[in-house]
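Atom set for the values below is all heavy atoms of this structure, side chains included, hydrogens, waters and symmetry mates excluded.
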Amino acid sequence: MRMKIKIFTLVLLVVSINDFSNIAIAQSIVVDAPTLDEVITQMEHEAFNTGKYLTGVIVEHDCDFFEEASYEVMSDGLTVYELEIEAYEAMGLCVYFDDFHIPVGGELFFESPDGAFDVIYSEGPIDASENNSHGRWVSGDIPGSVIKIIYRQPSNAVGSARLGIMGVGFFARNVERGSDDCEVDVMCPEGDSWQCERDAVVKLRITQGGGIYLCSGAMVNNTERDCRQLLLSAFHCADAVEENEWAYFKVQYNYEYLVCDSTVSINSHTRTGVIPLTNSDDATSQGFSGSDFLLVEVEDPISATWNPYYAGFDASGETGHSGVGIHHPSGDRKKISTYTNPLTTYSLGSAGSHWRVYWEATETNHGVTEGGSSGSPIFSENHQIVGTLSSGLSACVVGGAGNGTGPTQPDFYGKMSYHWDGANPIPSSQHLDNFLDPSGSGQEIIYGSYVGEGDQPCGNFGACSATEIEGMILEEKGWSFSPNPAFDRIQIQMPAGATLSELRIYDALGRLEESITPSVFQQTMMVSVVQLSTGLHYLTVRTPDGTSSTMKLIVE
C-alpha cells in the first residue's frame, strides 16, 4: 500500500518590527516542523515499502511573502524585501509557491544566512523567465535550518510581483550530495567516451503525497529529431504525483564535477515543471507489473547554452553487450557504472520486461547504483539507451544499507523494447513508440543529438537540425571492415552515399583509445591496429551529419 507522507502545519513567530522611513528589521518565520528522527523514520519506512528514495517532507502553510517580509527602499528606487524561514534540525530547506509571478526587472534570491557556513549558499537571480500560467514554482534547496528569501524590484519594473507561499520543503538528507565511496565520477577516465550521453542525464526532484523524492532520468531523442524536450525516467519515481504537482517537478542539468574526484562542481541549471505524456501505469502493492517507464516533457525552454544532449535509443530488443549506466546516486553529482558482459533478460515486472546487469570494477573503482539512481538510463556499446533503472541489489558495501547487498549483485532495467510496445497495462495508444516515433516511421533505433552544433568534445556530432541523408544510408545499408579478427591493419568500407568523417576506437570498457579524423571525408580507410592490445575493441564510425554506428573488433 502506498504510504502518504504527513503534511505538517506551520506556526508563525514574528520578530518585532520597527518602521523607520520604510526600513524594517528582517522578519523570521519559525516552522513547527517534524524532528529529524521523525523524518528519517519515514524515509526508512518509505524505502522498505515502496522502494522510493524520500529525502524530505513538505510543511504546508499559506502566506503572502510581501505581507510577511520586511522591506527597504534604496536611494536609487530599488525596493528590497527579505524574509527568513527557519525549521529546527532541517538539513536544508526549499520554498513552494502556488501564486508565483515575477515582473520583468524583478529578481528573486534564496540564501543561507550570514555566518551559518563558511560560504553563503545561494540560488538566483530567478526572474520573469520562470513565470507560468499556472503560477506554481519551487526553489532549489539551501543547506541548513534557515533559508533567506530576498526579492529586489527596481522602480521601473513592469507590473507587480506575486509570491504566494504554500509550504516549505524540510530536507533530512542529501543536501550535501554524498553517495557511497565506490561510485565513479562521470568525469573519471571511465566517462571519457560517454561525454555526449553524460549531457543527457539529469537529476530529478519529485514532489508527491507530501514528500520530496530523488530520481534520475535522461533527455531522449525521437525519430522527428526536432529537439522536443522529452525526458525518460521510471514510473515508480512519480506514480503518486497529482495533477497540480507536476509543476513542482525539478529537472537539474550539468550536475557533475569539473574533473575526476574533484570537489568543485560545474555550474548546474534547473527547469521547474513538466507535462506528463505517458507511463507504464504498472504500480501495484507488490511493486510494478510491467517495465516501469515514465515519459514527460519539460515545460519551459531549455537553454542551448546548457548543451543538452538528446540521447539515442535502441528499442529493437537487442541486448547491450557492454556499456554503462549514468545516474545521480543519492542525489549526488553524476556517476558512471560499467558493464562488460551482455545484459540478460529478467522477468522482474512481467515476463521478459527487464534487463539484468552486473557491474564491473574499473580503473577508478567499482561503480554501482543507489537510491536516487532510479529512472536513469543504461547505454549499450552503440551509445543508445536500452533500458531505465527500476530496481537492484548492487551497493558499495556487502550487506550495506539501502537497496544493495554488494557491488557484484545485479540491477534491473526496464527494457526499452518493452516500453516501446510491450504488454504494459496501458492502451496501445500510450505505448512509448507513439511518442518517440510520432510519424509511425517504424524506426526502433536512432542516435543521439545536440541542439545546434554543440560544444567540444561532441560538437557537430548529430545536431537536431542536421541533414540525415548520410545517416539514413549508414543505418539502412550498413558499413563493414575486414579482416576480423585482425592482426596488423583493417580496411573500413562505407556504403555508397555515406562518407567517413571520424573513426573512434574504444577498449572493452568503453574507454576511448584513439580518434582518427581524415583530412578528406572518404569511403574507405586503412587503419593500423598494431598499437592495440589483443582482445575485444569497438570501432565507431561517424558521418558528417553526426550519425554513428559501432561494431566489435577482435585483435589477435
Testing the basics here: between Ser316 and Glu444, what is the closest heavy-atom pair and its distance to 0.1 Å? CA-OE1, 3.5 Å
Check whether Asp226 reaches the backbone of Arg228 with its side chain - one donor and one acceptor, N or O, closer than 3.5 Å. yes
In this structure, CG of Leu500 is separated from CE of Met494 (nearest 0.5 Å) by 5.0 Å
Could you check Ile492 against Leu503 for side-chain contact (heavy atoms from CB on, under 4.5 Å), going step by step and ending with a plain yes or no? CA-CA 10 Å; Ile492 295 173; Leu503 170 70; 3.7 Å; yes
Aromatic rings His383 and Trp194: how do their planes relate, parallel, tilted or perpendicular, breaks at 30° and 60°? parallel
May I have the step-by-step check of salt bridge (Lys or Arg N to Asp or Glu O under 4.0 Å) for Arg333 and Glu183, ending in yes or no? CA-CA 10 Å; Arg333 294 157 186 86; Glu183 300 290 5; over 6 Å; no
Do the side chain of Ser380 and the main chain of Asn382 share a donor and acceptor less than 3.5 angstrom apart? yes
Side-chain donor or acceptor of Gln195 paired with backbone N/O of Asp192 under 3.5 Å: yes
Shortest non-hydrogen contact between His327 and Thr369, atoms and distance: CE1-CA, 3.9 Å
Do Trp479 and Leu539 make a side-chain contact, defined as non-hydrogen atoms from C-beta onward lying under 4.5 Å apart? yes
Tyr213/Tyr53 under ring-ring contact (aromatic ring centres under 6.0 Å, His included): CA gap, chis, key distance, verdict: CA-CA 5 Å; Tyr213 301 80; Tyr53 194 74; 9.1 Å; no
Does this structure show an ion pair linking Lys203 with Glu256, if we count only N-O contacts that are shorter than 4.0 Å? no
Note: Asp185-Lys334 ion pair, threshold 4.0 Å (strictly below): no
If you round to the nearest 0.5 Å, how far is OH of Tyr413 from CG of Leu343? 9.5 Å
Parallel, tilted or perpendicular: rings of His236 and Phe288 (30°, 60°): parallel
For Phe293 and His419, take the angle between the two ring planes, folded into 0 to 90°, and tell me which bin it lands in: parallel under 30, tilted 30 to 60, perpendicular over 60. tilted
For Asp437, does its backbone N or O pair with a side-chain atom of Asn222 as donor and acceptor, under 3.5 Å? no
Worked verdict on Val220 versus Leu231 for side-chain contact (heavy atoms from CB on, under 4.5 Å): CA-CA 6 Å; Val220 64; Leu231 191 164; over 6 Å; no
Pair Asp411, Arg356 - check salt bridge (Lys or Arg N to Asp or Glu O under 4.0 Å), show working. CA-CA 6 Å; Asp411 286 333; Arg356 179 172 59 185; over 6 Å; no
Closest heavy-atom pair, Ser501 versus Phe521, reported as atoms and distance to 0.1 Å, is CB-CE2, 3.5 Å
Within a strict 4.5 Å, meaning less than it, do heavy atoms of the Gln384 and Ile445 side chains meet? yes
Compare every heavy atom of Trp359 with every heavy atom of Ile378, then report the nearest pair and how far apart it is. CD1-CH2, 3.9 Å
Please round to the nearest 0.5 Å and tell me the distance separating atom CG of Leu553 and atom CD1 of Ile505. 7.5 Å
Rounded to the nearest 0.5 Å, how far apart are SG of Cys94 and CG of Asp141? 6.5 Å
On the 0 to 90° scale, with breaks at 30° and 60°, tag the Tyr121-Phe117 ring pair as parallel, tilted or perpendicular. perpendicular
Might you point out which heavy atoms bring Trp355 and Glu318 nearest each other, and give the distance in Å? CZ2-O, 3.9 Å
Would you say Glu297's side chain and Leu277's backbone share a donor-acceptor pair under 3.5 angstrom? no
In Å, rounded to the nearest 0.5 Å, how long is the span from OH of Tyr310 to CG of Leu230? 8.0 Å
Starting at CG of Asp281, measure out to CG of Asp239 and round the result to the nearest 0.5 Å. 9.5 Å
Looking at His537 and Ser533, would you say the former's side chain and the latter's main chain have a donor-acceptor pair under 3.5 Å? yes
Examine distances only and state if a side-chain atom of Glu190 and a backbone atom of Ser337 form a donor-acceptor pair shorter than 3.5 Å. no
Cation-aromatic face contact Lys250/Trp137, 6.0 Å, 45 degrees: yes
